[in-house]
Amino acid sequence: MSGQRLHHLRLGVNIDHVATIRNARGGDHPDPVRAAHAAAAAGADGITAHLREDRRHIRDHDIEQLVSEIGLPLNLEMAATDEMLKIALRHKPHAVCIVPERREEVTTEGGLDAAGQHNHLVPFVARLRDAGIRVSLFINPDRRQLEAASSLGAPVVELHTGAYAHAADSGDAALLDAELARLALGASDGAAFGLEIHAGHGLTFDNVTPVAALPQVFELNIGHFLIGEAIFGGLDSTIKRMRALMDKARAEASGARSA
């Protein structure tokens, strides 16, 4: 096997649920922008925030502050709507990840149907790219969706790891192996299409290692688990532990490839 060292695996920290806690009571605390600063100090490579139609967590003012105050790249998650496109073009974050969104869902339940919504997505991807914003599509690790993302001209896809995370929680070893294999194939196929591969949703200390070891993956976006775990261990130490697990997985994968 090749002895080439794997590229650095970036960690994007999603701060949505700091805002969820703030909004539960109203007021300004806890401040998601402060959390973004803390994440940067702890070793995050980027900040992710999802501005939903109903503003259930991140709000417009949060995006304004993040763009103006945070030195790290901001990855704005948004639905493909005219309102969100206008907001993205006004603030020009480093990146936009287009995600599916249903008002009644608790969290994003699956990947975007890039194939079925191809014609709807064309102008969104084009206008964001023309504005110099890196575009990614949050999709399931499915070849049809990867082909659609490539044909749309989105340079990045984020593979939805929710099914893998649920399999890890189920205790069903065969299901877990199948979902990990599905992710690995999706990452390989996506890279073959020339896409930069990211992954996220439901990743934890216990299940992150196999995903972090996938050689085609450039970035993991993790939020809910980190914010929840920070209640017990602090945000700084929680992010540092996740960073260490990712780095260890990467180093071991590099060693295996050079063996």
Side-chain angles (χ1 to χ4, degrees), residues 10-109 112 123-125 127-138 156 158 198 200-201 219-231 234-236 238-239 242:
R10 301 189 298 266
L11 171 60
V13 174
N14 187 313
I15 58 169
D16 288 353
H17 295 296
V18 177
T20 300
I21 298 170
R22 175 196 62 190
N23 297 350
R25 187 166 179 173
D28 299 325
H29 303 287
D31 179 10
V33 178
R34 181 182 175 190
H37 283 294
D45 298 289
I47 300 298
T48 293
H50 184 174
L51 186 65
R52 282 182 171 267
E53 177 193 17
D54 60 9
R55 309 306 198 264
R56 68 177 63 171
H57 35 61
I58 294 296
R59 297 173 178 168
D60 298 72
H61 183 60
D62 298 325
I63 299 300
E64 293 174 11
Q65 287 188 287
L66 289 167
V67 169
S68 64
E69 295 184 22
I70 301 300
L72 294 180
L74 174 64
N75 176 37
L76 173 62
E77 293 183 339
M78 64 172 228
T81 67
D82 290 339
E83 179 198 20
M84 291 300 159
L85 179 61
K86 289 177 183 176
I87 291 170
L89 293 176
R90 182 166 71 248
H91 293 298
K92 293 188 177 179
H94 169 75
V96 161
C97 183
I98 301 177
V99 301
E101 186 174 311
R102 296 189 303 116
R103 183 179 286 270
E104 63 271 23
E105 68 187 0
V106 175
T107 185
T108 305
E109 296 173 345
L112 183 73
F124 289 91
V125 174
R127 291 193 64 187
L128 290 166
R129 289 195 63 170
D130 289 348
I133 299 169
R134 188 195 74 193
V135 184
S136 64
L137 303 180
F138 185 71
V156 179
E158 181 172 338
H198 300 180
H201 198 86
E219 179 174 306
L220 299 181
N221 283 296
I222 308 174
H224 183 268
F225 174 79
L226 293 177
I227 303 308
E229 196 67 17
I231 295 171
L235 189 59
D236 180 83
T238 299
I239 291 173
M242 184 62 77

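Just so you know, these numbers use all the heavy atoms, side chains as well, and skip hydrogens, waters and symmetry mates.
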**Request:** Determine whether more than 12 heavy atoms belonging to other residues, nucleotides or ligands lie under 6.0 Å from atom CZ of Arg127.
**Result:** no

**Request:** Quick one: list whatever passes side-chain hydrogen bond (donor to acceptor under 3.5 Å, both in side chains) with Asp31, sequence neighbours left out.
**Result:** none

**Prompt:** Is any NZ, NE, NH1 or NH2 atom of the basic residue among Asp54 and Arg52 found under 4.0 Å from an Asp or Glu carboxylate oxygen of the other?
**Reply:** no

**Prompt:** Minimum heavy-atom separation for Pro93 to Val96, with atom names?
**Reply:** CG-CG2, 3.9 Å

**Item:** Under 3.5 Å side-chain donor-acceptor pair for Thr48 and Asn75
**Value:** yes

**Asked** Just by modelled atom types, is the Leu11 backbone N or O under 3.5 Å from a matching donor or acceptor in the Asp45 side chain?
**Response** yes

**Asked** Minimum heavy-atom separation for Ile47 to Ala39, with atom names?
**Response** CD1-CB, 3.9 Å

**Prompt:** Are Asn221 and Glu219 linked by a side-chain donor-acceptor pair shorter than 3.5 Å?
**Reply:** yes

**Prompt:** So do Leu112 and Val99 actually touch side chain to side chain, heavy atoms under 4.5 Å?
**Reply:** no

**Prompt:** How far does NE2 of His50 sit from CZ of Arg56, to the nearest 0.5 angstrom?
**Reply:** 8.0 Å

**Prompt:** Quick one: CE on Met84 to CG on Leu89, what's the gap to the nearest 0.5 Å?
**Reply:** 12.5 Å

**Message:** For the backbone of Thr20 and the side chain of Asn23, can you confirm whether one donor and one acceptor N or O come within less than 3.5 Å of each other?
**Reply:** no

**Message:** Taking the side chain as everything from C-beta on, heavy atoms only, tell me whether Ile15 gets closer than 4.5 Å to Leu66.
**Reply:** yes

**Prompt:** Can you find a pair of side-chain heavy atoms, one from Glu69 and one from His37, that are under 4.5 Å apart?
**Reply:** yes

**Asked** For the residue pair Arg59 and Leu51, what are the closest heavy atoms and their distance?
**Response** C-CD1, 3.6 Å

**Asked** What pairs meet the side-chain hydrogen bond (donor to acceptor under 3.5 Å, both in side chains) rule with one or both residues in residues 83-93, with sequence neighbours excluded?
**Response** Arg55-Glu83

**Message:** Under a 3.5 Å cutoff, is there a donor and acceptor pairing between the side chains of His57 and Arg22?
**Reply:** no

**Item:** Non-hydrogen side-chain atoms of Val156 and His198 separated by less than 4.5 Å
**Value:** yes

**Message:** Is it the case that the side chain of Asn14 and the backbone of Ile222 share a donor-acceptor pair, with hydrogens and angles ignored and the cut-off at 3.5 Å?
**Reply:** no

Going by atom type alone, with no hydrogens or angles, which donor-acceptor pairs under 3.5 Å involve a side-chain atom of residues 129-138 and a protein atom two or more places apart or on another chain?
residue	atom	partner	partner atom	Å
Arg129	NH1	Gly153	O	2.1

**Message:** Could you report the tightest heavy-atom contact between Thr81 and Phe124, atom names first, then the distance?
**Reply:** O-CE2, 3.3 Å

**Fill in**
In this structure, CG of Leu76 is separated from CG of Leu74 (nearest 0.5 Å) by 6.0 Å

**Distance-minimising heavy-atom pair for Pro32 and Ala19** = CG-CB, 4.1 Å

**Prompt:** Under 4.5 Å between any side-chain heavy atoms of Leu128 and Ile98, yes or no?
**Reply:** yes

